[in-house]
Structures are given as C-alpha cells and as structure tokens.
Amino acid sequence: MEQVSIAPLVVFRIIFGGMMLGSIIRFWLNGWIEDLYIKPVFFFTYYGFEWVKPLGETGTYLIFIVMALSALMVMIGFKYRLSSIAFFLTFTYVELIDKTNYLNHYYFISIVAFLMIFLPAGRNFSLDVYFDQQKKLTHIPRVFIFTIQLQLGIVYFFAGVAKLNYDWLFEAQPLRIWLQPHTDLPVLGYFMDKIWIAYFFSWFGAIYDLSIPFFLSFKKTRGYAYFFVIAFHVLTRVLFQIGMFPYIMILATLIFFSESFHVKLLGYISKPFIRSKELIHSEGRAFHFGSLFKKMFLTFIAIHFFIQIILPFRYVLYPGKLFWTEQGFRFSWRVMLMEKAGKAFFYVTDKKTGRVGETMMDNDLTPNQEKMMSTQPDFILQYAHHLEKKYKAMGMVDPKITVDCYVTLNGSGSRPYINKYVDLTKIKDGFHHKWWILPFEESAN
Amino acid sequence: MRFSKNVLGVFVLFALFVVAVSSCKKDKDEEVTPESTFDKPGMLTNYADSIILPQYQQFKQKIDSLKLLADAFVAAPNLSNLPVLQSHFLSTYEQYQWISTFEFGPAETDVLRANFNTFPCDTTQINTNIVAGSYDLSTVSNIDAKGFPALDFLLFGIQQDDNYILSLYTTSPTAVNAKNYLSDLVDELQLKSNNVYNAWLQSGGNYISTFKNSTGSDVGSSIGMLVNQLNFDFELLKNARIGIPLGKRTLGVPLPEKVEAYYSQHSIELIMEHIQNIENVYLGRSISNNDGLGLDDYLSHINAQYAGGSLNDAIKAKFTSAKAKLLLIPGTLSQAVVTDATIVDQAYAELLQLVVLLKVDMPSALGVLITYQDNDGD
C-alpha cells in the first residue's frame, strides 16, 4: 500500500482537537450546557437510545469537562487512543440526550471522532512520542488520510445532492426567504433582496457542494478550490447563525493539501520551540499493516462508507414529500435546506368522562424544544406519549391525545400537518411510515 | 492558470443557468418581484416615533394622574373621590394594554409585564401584607400581590358596594395599612413606568435610537424582538385572558375567577383594547390612527403567501373576525365562560387561528426566528 507522510493526519488531529476544545468552551460560555441539558425537564431521545439520559447538573458539567480535556489531549497527542475514545463517547453521549439539538455538523463531528479512534494520528508531533520515541511514525498508508478526505467529501457531495430539488433550484427557496432580511449588511446588503441573487446563491451552493471535493483532490485546482472554500464558508457565517461550523470546515479541508504543505506548517508551528527543520520525518519508522489488521481495517472502512452512502437515500422507502414528513431526513447531510415553522396544540380527552382540554405544553418544553417539535412528526409522537404518561400519573385512566398542528414549508403558508383525529397514544414509535401525517399537497388550507 | 479555464467553464455554465432560470421566472411572476428594498429603517422609525414612545407617554400621563387621585383618596377617602379613582384606574388599565407588547429593552429590564399584570392576584397575600404593614414588593412571592390586578382587588373588592370598599380605608382596623398599601402599589407603577419612559427618551436613556438603528432581523434585533414579543403577548391574550378561564387547561372546567380584572368585571373591555393594540402594532397604525409602515407592509412587500392568497390579507381578515367573535361574548367574561362557553369558545378558536398566522406564517416569511434563547442552526 502506498506510504505517505503522516504530517497531514497530524495537522488534522491538532486542528480537530483544538477546534473541539474551542467549541466546547464557547458552548459553555454561552450558557448552553445549562439551557440545553440542565434546564429542560423533558428530552427528545433518539429511537433506540431512550436509555441515554441527562446526568443531572454535576454529571453534565463533569461530562463536558471530560469532553474538553479529551479534546485538549487529542490536540497535543497525549494518551491519544484513550483520549480519542473518551472524546467520541462523551460528545456522542451528549448529542444523543436530546435530538432537539441535532445538527448535521454535530453528526459530522461524531463520525470524525469515531474514525479518528482508528487512525494513528497521535504517533508524531505529540506528547506520546515525546515521552516514547519508539512510537514515532513518519509515514503511514495513504488510506488513513483518504478516510478523512472521503468523509469530508461525502459531507459536501451529499449536501449538494440534497440541493438538487425543485424548491432549491427553481424557486430559490429557502434562500429567497433567508437572504431578504439581510438588506442592512454593508455592500452585500444591496443585493440581498434581489431575486436573482437568491437563484445565484442556490445554484452556486449546489455546484460548490457537488464539485468541491473533486477540485480539492487535484493538485492543479486545489488552490482555487480552497479560495472558494474560504469564500463560501465565510459568507455562510455572515448570513446565517451557524456557529463554529464554517471555521471547522475551512480548517478541516486543509487535509486535502500536499504533505510538503503540512510539513512546512508543522515546521512553522514548532519553530519557537525546536530548531530542527525536518523533525517530522527524522528518526522514526513507517507504519506497516499486519495482513490481518489491514484486512480488518479495510473491511471496517468499507462498511462504514457503504452505510454513509446508503443512509441519505433511505427516504425513498417512505411515501410523501421528504421535506414535509421528514421521514429519513436526518443523518443525510441535508444542511440549511428548508424554511419550516409550525405550531402544535395538543389536546387530551378523558375517555371516561369525554371531557377535552388543551395541554400545558409551556410547562414541559423550552421554546426551542417546542419549536423543533412542531415541525417534526417523530417529536410530536414522542411528546404525545409523554403527555399520556403524565395524565395517567395524574390519575386519568385512559387519556386520548390528539394534536392540531400547522406547518409552513418554504413559504407555502401554514396548513394542517397531522391528522387531528388520530389518538397518538395508539401509535407506536418506530421507523415505519407515519400515515397520520397529512400529505403536503392535499393539506392545503 | 491552465486550470482556470475549467473553472471559468463551470462558472459560465451556471451563470447561463441563472440567467435562464431568472428570465423564465420573470415571465411567470413579474408582478410580484419587489423592485425596491423594503424600508426597514422607516418601519422602525414609525414604530418608535408614532407608536411605542407616544403610547408610553400616554401611559405615563395616566399613571401620573392615577398617583394624584390615589393621593387625594388616601388623604381623605370618601364616596365622591372613590368612583373617580376607580374609573381612572380602569382607563389606566386599558392604556396598559397598549404598552404590554413592548417587553424588550427598558420594559424587559424592569420586567414590566410580570410586575404590572400578573393575574389573578393572590388576595390572601395582599391581606397578609396589609395586616403586617411591612412587605417587600420586589420579592417573587409578592409578584401576584401588586400591580393592576392587586389594585383591581383593592378598589373594587369582591363585588361589594362602594360603602363597603370605603370602610376598608376608613373604619377598618387596618385602614391605615390599607391606604399605605394602595399608595405603595401606585408608587411602584409610577416608578417603573417613569423608568421605562425615560429610558426610551432621546434626552434620557435614548433606547429609541438603539431601537431604530438595529435594522437586522436576527435574534435580538428590533424586528426580531418586536415580532417575538407581539407573539408572546398575543399568546397571553389567548391563553391567560381567555383560555384558562374558559377551562382549556382544566378539561373544560371553567375557572371564572382567573379572568383579568375579575373584581371590576372589566375583562372584555381590556381584551378588546389589547387585541386592538396588537392589530395596530401589526399594521403600524399610529396613536393618532395614521397607517404607517408596519409588519403588514413588510409582508406585502415580500409577497408572502397563504392559501393561494396574500398572507397580509389573511391576517387582516382574521383580526376582523376574531374581534367580531369577541364582541359577541355576552355580559362579563367570568359569567360568559360559565353560561355561554360555546360563544367564548368560538372566539377562542379564532384567536388560535390568528396565533398560527402570527407565530408561524409571519416570522417564517420574514426570516425572523421565534425563540427566547439563542442557539446555532445548520
């Protein structure tokens, strides 16, 4: 197998650990640990992961401390294998607590953190090597670096595939809605409410996402492609509230650059401390696969990417408009694709007395949870089951829970979302088709 | 530079796409393409200069007279100054309905809504305070023992006649304490409303220019806060003022004593003032009834759609029908929720539909986030 310098992987490790540490500190300082994981009294768990529970105030802060420390340890390459496992587990655990907070870029981080466990990214330019020179690797099989590149490429490419839909390409939605409020920006503001700019951004975004992995892969086009990476992500940062993600992508895509670039970069970083120039490639050995390990690794990677490529297409198994029903929507790199808003009114009927009442949603859900729930059927079902339990605990023998919900999608105007006669306590959660969602087209108000 | 040909090719290609797409779009909906940028600064100026500040000013004047009348009453409670105080109190309470929407900036700092109008009031707590003669109105436990609801109780009692009410301030053993309590409640109203008014004034805290200069639509921008608070306030109208008394939260068992202004039986009047204020804010209609730039114009400008028509038209029609249904409620609200629940329920259903239009359709079309906490999206 082709051997290449370990430098790109090492740089990626430092960037990844550093960005994660920064993100966690930012998350903490914004008070989001409190807001998202301590204050809420109810959490929307993922199907199959109902056992993931918030760990209380102390426990939650503790898990964030472990997460931050392991990100730091990944960055400096200290006890790398242990810290990369710890980071993956803590980060993913927190993400699994409440799917209200699902973001594609958190999913991306979980996946990269998972892959990083299996890569020898701590075997150079690290404290592990500083303490034990025996561990130093100078060269590794090309497949290790390709793994990260392919994962990044998939994120972009599928984000592009997802944009190939009628609303995005031929209605310039949702960008038409999203750009228009930005007329107060300096210079750019002038264009923001022009229809053609919404079309331009839509098509530019689609072509960018579909092509950038390839342009980054070829030496000849890489420089120009990277210019577009920076321009694209800086623009998204200016226009949308998407936190650290643009910076993470701008730095992560450096992995496509040549090994000499990374060697130079590492030389530059270490300049203040160490004189030696070619430090990275001196006095180490190359990584060689044992034949069994090689087979295992390649099989594992193949399975991983097979799942990655299949998962975004699972939506074809469900009838109805994907953006409306959101069946098979998550975990598919569908990033910033739709403007969707809704409002749900839940009703409880005491079947013994026939009495009907509206439920007291504002007591159990944060505004953000309520907002996320109102446009996603699996949330609505889960919340209905929560209400069922609550009313049973209050002594109602056989409560019936129904929902009157209105949703607007890409400026369609709000329309009924869920069949308001269906008793949701009788519906089981799961991956089967949710027939009680009203079809988008027929549900015109 | 060899590669740049390829890149150039790609960009020429999709530039062509853009031209093609936008030109065929033009044929289709030329009439809806906004030619000029919506005047957001103009809209904010209208809100600040012609609505918010004048409403605060009017409220401050009402409160100042309330203070004078309360002082006169406390100095010499009698059957001639009590009705004057009562009627001025009600008109001040009505005027409050015109400012309760603006709970951002100075009003948010002074937590005006909770301090002024947490209802129903806790009469036990009020009586305890009066008997004790010492209390701290700023504590959480006193939040429902002060403001308009507490004054409503103190000035109107429990449907007793004026002689009985007067006796609370004259012959009752706690008369002195009751008078002090009344004064203290009015003083707090005056202090906080003056605070907020001065904080808005250009010559004071100058929040007015902060408000006008924040022309974005993101969380914390003036438009963002206005749309959020308009919705928050309107949901209070639907839930607290009507839904809860109607028994929406209690499986249809009405709770008549939970209405706003229970003791003066002035609920419907206040509700009509309140919804009129919300509508005026939506329309950008000034205190002198001039229709200036408002959210309605903004929605029209971006051609927001609803059910095959204009969203703005739908919202305006819903305001009209909701008000009409509210006016059908006979007698006082606390009676109606018991004896004419169906009629109240029909009004409630209209309000619910209006909540959907204002909270789902309007913010989604304007690109304003409904959230009371900030967070990342993706």
Look at atom [atom1] of [X] and say whether more than 12 heavy atoms of other residues, nucleotides or ligands are closer to it than 6.0 Å.
X        : atom1 : value
A:Lys99  : NZ    : yes
A:Tyr247 : OH    : no
A:Lys420 : NZ    : no

Could you check if a side-chain atom of B:Val219 sits within less than 4.5 angstrom of a side-chain atom of A:Gln241, using non-hydrogen atoms only? yes
Evaluate the side-chain proximity of A:Glu358 to B:Tyr348: yes if any heavy-atom separation is below 4.5 Å, no if none is. yes
Mind listing the closest non-hydrogen atom pair of [X] and [Y] along with its distance?
X        : Y        : result
B:Val360 : A:Ser414 : CG1-CB, 4.2 Å
A:Lys194 : B:Thr37  : NZ-OG1, 3.6 Å
B:Leu366 : A:Gln180 : O-NE2, 3.6 Å
A:Ile177 : B:Ala365 : CG2-O, 3.8 Å

Restricting to ring-ring contact (aromatic ring centres under 6.0 Å, His included), what partner residues turn up for [X], sequence neighbours left out?
X        : result
A:Tyr107 : A:Phe331, A:Trp333
A:Tyr226 : A:Phe257
B:Phe104 : B:Phe211

Region of [X] that comes under 4.5 Å of a non-hydrogen atom in chain B:
X        : answer
A:Val348 : both
A:Phe218 : neither
A:Met396 : side chain

Examine whether an atom of [X] lies under 4.5 Å from a heavy atom of chain A, and if so say whether it belongs to the side chain, the backbone or both; otherwise answer neither.
X        : value
B:Thr250 : neither
B:Val253 : both
B:Ile223 : neither
B:Lys248 : both
B:Leu311 : neither
B:Phe38  : backbone

Do any N or O atoms from the side chain of B:Lys40 and from the backbone of A:Pro181 form a donor-acceptor pair under 3.5 angstrom? yes
Could you state the interatomic distance from [atom1] ([X]) to [atom2] ([Y]), rounded to the nearest 0.5 Å?
X        : Y        : atom1 : atom2 : value
B:Asp218 : A:Phe240 : CG    : CZ    : 12.5 Å
A:Arg176 : B:Asn303 : CZ    : CG    : 8.5 Å
B:Asn213 : A:Asp184 : CG    : CG    : 11.0 Å
A:His182 : B:Ser217 : NE2   : OG    : 7.5 Å
A:Asn368 : B:Ile370 : CG    : CD1   : 12.0 Å

Using a 4.5 angstrom heavy-atom cutoff, name the option from A:Gly31, A:Ala172, A:Ala206, A:Gly342 with the most pairs to chain B. A:Gly342
Hey, which of B:Ala314, B:Gly252, B:Ala304 has the most heavy atom pairs under 4.5 Å with chain A? B:Gly252
Chain B contact residues among residues 397-409 of chain A, heavy-atom distance under 4.5 Å: A:Asp404, A:Tyr406, A:Thr408
